[in-house]
Chemist: 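The structure under discussion is supplied below as structure tokens; questions concerning it will follow.
Just so you know, these numbers come straight off a predicted model, no measurement behind them. Chain letters run A, B, ... following the sequence lines, proteins first, then strands; residues in each count from 1.
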Amino acid sequence: MRAHFLAGPAFLAVGLMFLAPGAASADVIFDPADADELAAMLAEATAEQAVCYGWNVQVDNVGMQEESIGSNEGAGVSVDPTCAQHVELNVYITYTSESSESEDSASYDVSSSHGGPTTEDMEALDLDWDSLTGEDPDIVIGKAVTALPLLAADTGIAEPIAAAPETGTAPADAQLTDDPGSDFWRGSGGTVLWGVGLMLAGGLFAWWVLKINRTRRRRIPQAVPTYVPDTVPPEFYQPPAPDPTPAEQPRPETQPTARQPEPPAVEERAAEPPAAGTAATESGAAESGSVAPATTEPAAAKPAAEPAATESGPTESGAAESGAAESGAPESAAEKPADTESEPASGDSAAVESAESATTEPAAESPAGEPPASVEPPAESPSAAPSTSDTSAAGETAGPEHERPAPPDQKNKE
Amino acid sequence: MSLRTKLLVAGAIGGVGLIVLLFAIFGGGGIRPYLDDNFRRQSASGDSIVYTSTAKPKAVYEQIRSARPPADTQFDPSGYFLRYSDDIVAITANGTGSRIYIDDERRGYSHWLFFVGGVWGTGGSGENFRGGGPGGGK
């Protein structure tokens, strides 16, 4: 008796399980109520447009296959294949396990009869298809299914359905609840950010450039003279004299040749400070424009040296430099090979020395009235005009008070 | 590159940014000026204005959405509905062309309650698909 009593409900439960397969399959994506609403909407569209609509969602839930099917004929019922015109949305969702390295994936497509909407038409609606693998994939699937009749009308396989606004009074409980946000930021927010970003970038670049420029200015060391003498004789610097007349220029050039045969003449030069002094000033002027080393050669020796002056300028200049630059200026040393003619013999070293002292004396006299000026460019005079100015400067720095010993190289030659 | 050139480059970058910013602020506009400039006005009643277009509803929808992105969109087999901060726009078929309705949000929700009721607010017949059901899978 009891067994018969229990058999009835058991059979009933089993029967219900087999009788409601559609509702169970629709539950994967939609609520049963939502699925029915969607199917009803498609049925209304089919009635007006004579086109069958439906959806087919296949879900791979970590290996378990599930599906959600519906059409204008109802939830759980696929599209009638006998319809002359049909449009169906197909969605494929794959869920992976949480321990899997693969991500969830989803795709969709639109299948329709000839001339109907395509997947590209659905993509043009710009729906949020990324939410297929999110929490609520039914929202985007429901929107897409609802848009199928619109796409069919747009492609021309169905007549468009017109809508008209309601003119009656809305129910009292009809209230907007969603917050749409700001239209300005939604539409122009990206552009505003770009503009602000570019302005900041320009300002930062300008600030960085100015900062680097200031840093470079601070790092530039002060110019340090290569040589700072303890005492600067007044003859250390002699301002360049104006360019001498051409007739005056040959005078210094004759001196080297004059030195060689006439050592006594060198002594005479020493006794003629005024002429030598003027020669020194003239030589200073000549230095600015020529290589002539004759700055240290007094005028007395010039006539005798005139023929030699015409031989070669560089050789004469080199001779004067070698004779005057006891400091061993490299330029005078460089010119020494060319100075073979003019280099004094061993016996001429003394003449050279006296000549140097004589030249330094006039140089001392000429700028005597202006010792400070001669001191002003100490850094420049020794280095600015290496070849010729060095010779004159070197000769001048010797001064009357200081008789520099002959440089080692000249001594060796002597 | 000299200091002056670098500063000129910096100034040019900042100037371009300023132009872009001014364009974003003053070059845009709301949905109403855009509809006024691009569609033919058919009728108006207060804030409720109706425009027409010779293009199909889908083309009009894409044009308006790209020019003035809405906060939300809703579809119905009979039209497209766009939600803005202060307005609701509806695009429906009008023969071979389209008709565009714009209302303030309160009146627009009342006019189109059948289509958007229960989705953008409360009330309505509740027959519109809203979604947000059990979700999928996991």
Chemist: Let's test your reading of the structure: which of A:Ala147, A:Ser188, A:Gly202, A:Ala163 forms the most heavy-atom pairs below 4.5 Å with chain B?
Modeler: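 Highest number of heavy-atom pairs under 4.5 Å: A:Ala163.
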
Chemist: Ignoring hydrogens and angles, tell me if any N or O in the side chain of A:Lys143 forms a donor-acceptor pair with the backbone of B:Thr73 under 3.5 Å.
Modeler: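 Yes, because the side chain of A:Lys143 sits within donor-acceptor range (under 3.5 Å) of the backbone of B:Thr73.
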
Chemist: Given a strict heavy-atom distance threshold of 4.5 Å, which part of B:Tyr101 is in contact with chain A: side chain, backbone, both, or neither?
Modeler: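 When you check distances to chain A, only side chain atoms of B:Tyr101 fall under 4.5 Å.
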
Chemist: More than 12 heavy atoms of other residues, nucleotides or ligands under 6.0 Å from CD of A:Gln65: yes or no?
Modeler: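 Yes, enclosed.
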
Chemist: Could you tell me whether the side chain of A:Leu176 reaches within less than 4.5 Å of the side chain of B:Arg83, counting heavy atoms only?
Modeler: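 With C-beta onward as the side chain, the pair touches.
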
Chemist: Name the member of A:Leu150, A:Val145, A:Leu198 that forms the most heavy-atom pairs with chain B at distances under 4.5 Å.
Modeler: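 That would be A:Leu150.
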
Chemist: Heavy-atom pairs under 4.5 Å with chain B - which of A:Ile161, A:Val192, A:Leu193 has more of them than the others?
Modeler: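 Most heavy-atom pairs within the cutoff with chain B belong to A:Ile161.
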
Chemist: Using a cut-off of under 4.5 Å on heavy-atom pairs, state which of B:Gly14, B:Ser78, B:Ser98, B:Ser110 scores highest against chain A.
Modeler: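 Sorted descending by pairs with chain A, the first entry is B:Ser78.
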
Chemist: Does the side chain of B:Tyr61 come within less than 4.5 Å of A:Leu125's, by heavy atoms?
Modeler: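 Touching, per the 4.5 Å side-chain cut-off.
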
Chemist: Please classify the contact of B:Thr92 with chain A as side chain, backbone, both or neither, using a heavy-atom distance under 4.5 Å.
Modeler: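 Contact with chain A: side chain only.
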
Chemist: Could you tell me whether the side chain of B:Phe114 reaches within less than 4.5 Å of the side chain of A:Glu166, counting heavy atoms only?
Modeler: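 In short, these two side chains touch, coming nearer than 4.5 Å.
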
Chemist: Taking every heavy-atom pair that is under 4.5 Å apart, which of A:Ala153, A:Ala45, A:Ser182, A:Ala124 has the most such pairs with chain B?
Modeler: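 The residue among A:Ala153, A:Ala45, A:Ser182, A:Ala124 with the greatest pair count is A:Ala124.
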
Chemist: Given a strict heavy-atom distance threshold of 4.5 Å, which part of A:Tyr53 is in contact with chain B: side chain, backbone, both, or neither?
Modeler: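 Contact with chain B is absent: no heavy atom of A:Tyr53 under 4.5 Å.
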
Chemist: Identify which part of A:Leu127 has an atom lying under 4.5 Å from any heavy atom of chain B, answering side chain, backbone, both or neither.
Modeler: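 Contact with chain B involves the side chain of A:Leu127 alone.
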
Chemist: Can you tell which part of A:Ala164 gets under 4.5 Å to a heavy atom of chain B, answering side chain, backbone, both or neither?
Modeler: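 Looking at A:Ala164, just its backbone touches chain B.
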
Chemist: Report which part of B:Pro69 has an atom under 4.5 Å of a heavy atom belonging to chain A: side chain, backbone, both, or neither.
Modeler: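 Interface part for B:Pro69: both.
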
Chemist: Please identify, among B:Ala12, B:Pro77, B:Ala93, the residue contributing the most non-hydrogen atom pairs under 4.5 Å to chain A.
Modeler: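 Option with the greatest count: B:Pro77.
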
Chemist: Checking heavy atoms, do the side chain of B:Arg99, its backbone, both or neither come under 4.5 Å from chain A?
Modeler: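 No part of B:Arg99 comes within 4.5 Å of chain A.
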
Chemist: Would you say A:Thr191's side chain and B:Ala24's backbone share a donor-acceptor pair under 3.5 angstrom?
Modeler: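 Side chain of A:Thr191 to backbone of B:Ala24: no pair is present.
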
Chemist: Could you grab the distance from atom OG1 of B:Thr122 to atom CD of A:Gln175, nearest 0.5 Å is fine?
Modeler: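 Between B:Thr122 OG1 and A:Gln175 CD, I get 6.0 Å after rounding to 0.5 Å.
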
Chemist: Is the closest side-chain heavy-atom distance between A:Leu151 and B:Lys58 below 4.5 Å?
Modeler: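 Sidechains of B:Lys58 and A:Leu151: in contact.
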
Chemist: So do the side chains of A:Pro180 and B:Ser85 get within less than 4.5 Å of each other, counting heavy atoms only?
Modeler: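 With C-beta onward as the side chain, the pair touches.
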
Chemist: What is the minimum heavy-atom distance between A:Arg186 and B:Tyr84, and which atoms define it?
Modeler: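 Taking every non-hydrogen atom into account, NH1-CD2, 4.3 Å.
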
Chemist: Let me know if B:Glu105 has heavy atoms under 4.5 Å from chain A in its side chain, its backbone, both or neither.
Modeler: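 Both parts, backbone and side chain.
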
Chemist: So do the side chains of A:Asp183 and B:Arg68 get within less than 4.5 Å of each other, counting heavy atoms only?
Modeler: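 No - every pair of side-chain heavy atoms lies 4.5 Å or more apart.
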
Chemist: Top residue by heavy-atom pair count (under 4.5 Å) with chain B, among A:Asp126, A:Val196, A:Val57?
Modeler: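 Going by pairs under 4.5 Å, I would pick A:Asp126.
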
Chemist: Could you state the interatomic distance from CZ (B:Phe75) to CG (A:Leu148), rounded to the nearest 0.5 Å?
Modeler: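 The CZ atom of B:Phe75 sits 11.0 Å away from the CG atom of A:Leu148.
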
Chemist: In Å and rounded to the nearest 0.5 Å, what is the CD1 to CG distance from B:Ile13 to A:Leu204?
Modeler: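 That separation rounds to 10.5 Å.
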
Chemist: Counting only heavy atoms not in B:Phe23, do more than 12 sit closer than 6.0 Å to its CZ atom?
Modeler: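 No, the 6.0 Å shell around CZ holds no more than 12 heavy atoms from other groups.
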
Chemist: Below 4.5 Å from any heavy atom of chain B, which atoms of A:Ile93 appear? Answer side chain, backbone, both or neither.
Modeler: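 Answer is neither: A:Ile93 stays 4.5 Å or more from chain B.
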
Chemist: Locate the shortest heavy-atom distance separating A:Met199 from B:Leu18; write the atom from each residue and the value.
Modeler: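 Smallest interatomic distance, heavy atoms only, reads CG-N, 3.5 Å.
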
Chemist: Can you establish whether the number of heavy atoms outside A:Trp194 located under 6.0 Å from its atom CH2 is more than 12?
Modeler: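 Atom CH2 in A:Trp194 is not packed in, count stays at 12 or less.
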
Chemist: Relative to chain B, which segment of A:Asp154 carries a heavy atom at a distance below 4.5 Å: side chain, backbone, both, or neither?
Modeler: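 It is both, since atoms from each part get that close.
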
Chemist: Calculate, to the nearest 0.5 Å, the distance between atoms CG and CG belonging to A:Asn213 and B:Leu7 respectively.
Modeler: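 Nearest 0.5 Å value for the CG-CG distance: 8.5 Å.
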
